[in-house]
Amino acid sequence: MAPRPQDPEGNTPSRDGWLIMAVPFGRLLLLTLLLFCCGSGSGLKATEAEEAEDCRHLRLGQYLCRDPKIDESTQEPENCRHGVAFVDCLPAPNVTCRLSNGTEVRFSGDEVGFNRTVACRNVTGYSYKVAVALSLFLGWLGADRFYLGYPALGLLKFCTVGFCGIGTLIDFILIAMQMVGPADGSSYIVDFYGARLTRLSITNETFRKPHLAL
């Protein structure tokens with residue numbers, strides 16, 4: 001049998017001494033376990049609070065945004081300002097998140113949780129249908145150019161009978177393709193859910209993919 005350990009003075013501790021020495025170690029072990037469990041619970045609560053921090057950080061599928069309300073006269077969202085409009089977004093049922101004022105809400109699917117922006121166009125009253133009709137039937141008189149705010153070109157087309165028909169044809173194609181718009185830089189009034197054309201332009205912020213050498 002292995003010899004029993006001795007204290008620094010050479011005496012062998014009794015069983016009661018072993019119990020007295022083991023009590024502090026047991027208390028220390030229990031305190032360590034409690035601290036570990038409390039720390040884990042606090043970390044879990046912090047994680048849950050972080051996930052429900054802001055409704056605007058919800059992922060796709062956790063919310064549904066309504067369609068904007070369309071103004072019949074402009075065919076654009078009613079609250080369109082500077083090229084953007086706001087729409088209401090509803091978090092899905094049983095989703096809990098925080099509103100912009102810091103209130104934590106558990107949604108049922110019918111409450112508005114936050115707003116998102118959608119793109120809209122600046123229109124000032126020029127109709128695409130009217131411009132195309134004037135270019136098709138009265139383009140040789142320059143009516144289309146007068147309507148869009150180009151009086152000089154309209155007068156020139158009137159005096160030359162649409163540049164002998166060539167200018168009339170060119171203007172009709174450009175207006176139909178929406179490459180020529182109102183002189184004030186605004187957009188045509190086109191049905192919101194109708195066919196629209198968007199011109200793509202290359203700017204300094206446009207990504208250009210280099211061509212591979214053959």
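This chain uses plain numbering: 1 for the first residue, then up along the sequence.
- The CG atom of Asn94 sits 12.0 Å away from atom CZ of Phe107, with the distance rounded to the nearest 0.5 Å.
- We find the CD-OG1 distance between Glu72 and Thr74 to be 10.0 Å, quoted to the nearest 0.5 Å.
- Hydrophobic clustering, with ILVMFWY side chains joined whenever heavy atoms are under 4.5 angstrom apart, groups Leu138 together with Leu153.
- Not less than 6.0 angstrom separates the ring centroid of Phe146 from the ring centroid of Phe158.
- In this structure, the side chains of Gln75 and Val190 stay at 4.5 Å or more apart for every pair of heavy atoms.
- Annotation for Asn79 and Ala85: closest pair OD1-CB, 3.2 Å, computed over non-hydrogen atoms.
- For CZ of Arg56, the number of neighbouring non-hydrogen atoms (other residues, nucleotides, ligands) closer than 6.0 Å is 12 at most.
- In terms of heavy atoms, Ser187 sits closest to Val123 at O-CG1, 3.5 Å.
- Other residues, nucleotides and ligands contribute at most 12 non-hydrogen atoms within 6.0 Å of the CZ atom of Phe86.
- For the atom pair Tyr147 OH and Ser127 OG, the distance stands at 5.0 Å (nearest 0.5 Å).
- A distance of 11.0 Å separates CG in Leu64 from CG in Asp88, rounded to the nearest 0.5 Å.
- Tyr63 and Val118 fall into different hydrophobic clusters, where Ile, Leu, Val, Met, Phe, Trp and Tyr are joined by side-chain heavy atoms under 4.5 Å apart, directly or via other members.
- Tyr193 and Val87 fall into different hydrophobic clusters, where Ile, Leu, Val, Met, Phe, Trp and Tyr are joined by side-chain heavy atoms under 4.5 Å apart, directly or via other members.
- Summarising the geometry of Ala183 relative to Tyr150, their closest heavy-atom pair is CA-OH, 3.6 Å, with the distance given to 0.1 Å.
- Side-chain contact between Leu156 and Arg145: absent, with no pair of heavy atoms (C-beta onward) separated by less than 4.5 Å.
- For CZ of Arg66, the number of neighbouring non-hydrogen atoms (other residues, nucleotides, ligands) closer than 6.0 Å is 12 at most.
- The two residues Ala92 and Gly61 have their closest heavy-atom pair at CB-O, 4.5 Å.
- Cysteines Cys55 and Cys89 keep their SG atoms at least 2.5 Å away from one another.
- In this structure, CG in Asn122 is found 7.5 Å from CG in Asp184, a value given to the nearest 0.5 Å.
- The same ILVMFWY cluster, assembled from side-chain heavy atoms under 4.5 Å apart, contains both Leu169 and Leu136.
- Scanning all heavy atoms of the two residues, the minimum distance from Ser186 to Pro182 falls at O-CD, 3.4 Å.
- The two residues Ser135 and Asp144 make their nearest non-hydrogen contact at OG-OD2, 3.2 Å.
- Within the 4.5 Å cutoff, the side chain of Leu58 has heavy atoms near those of the Phe114 side chain.
- Tracing side-chain contacts under 4.5 Å through hydrophobic residues (I, L, V, M, F, W, Y), one never reaches Leu148 starting from Leu155; they form parts of separate clusters.
- Between the side chain of Arg121 and the main chain of Tyr188, a donor-acceptor pair closer than 3.5 Å is present.
- Contact of the Asp71 side chain with the Glu76 side chain is not registered, since no non-hydrogen atoms from C-beta on lie closer than 4.5 Å.
- In this structure, Lys157 contributes its side chain and Thr168 its backbone to no donor-acceptor pair below 3.5 Å.
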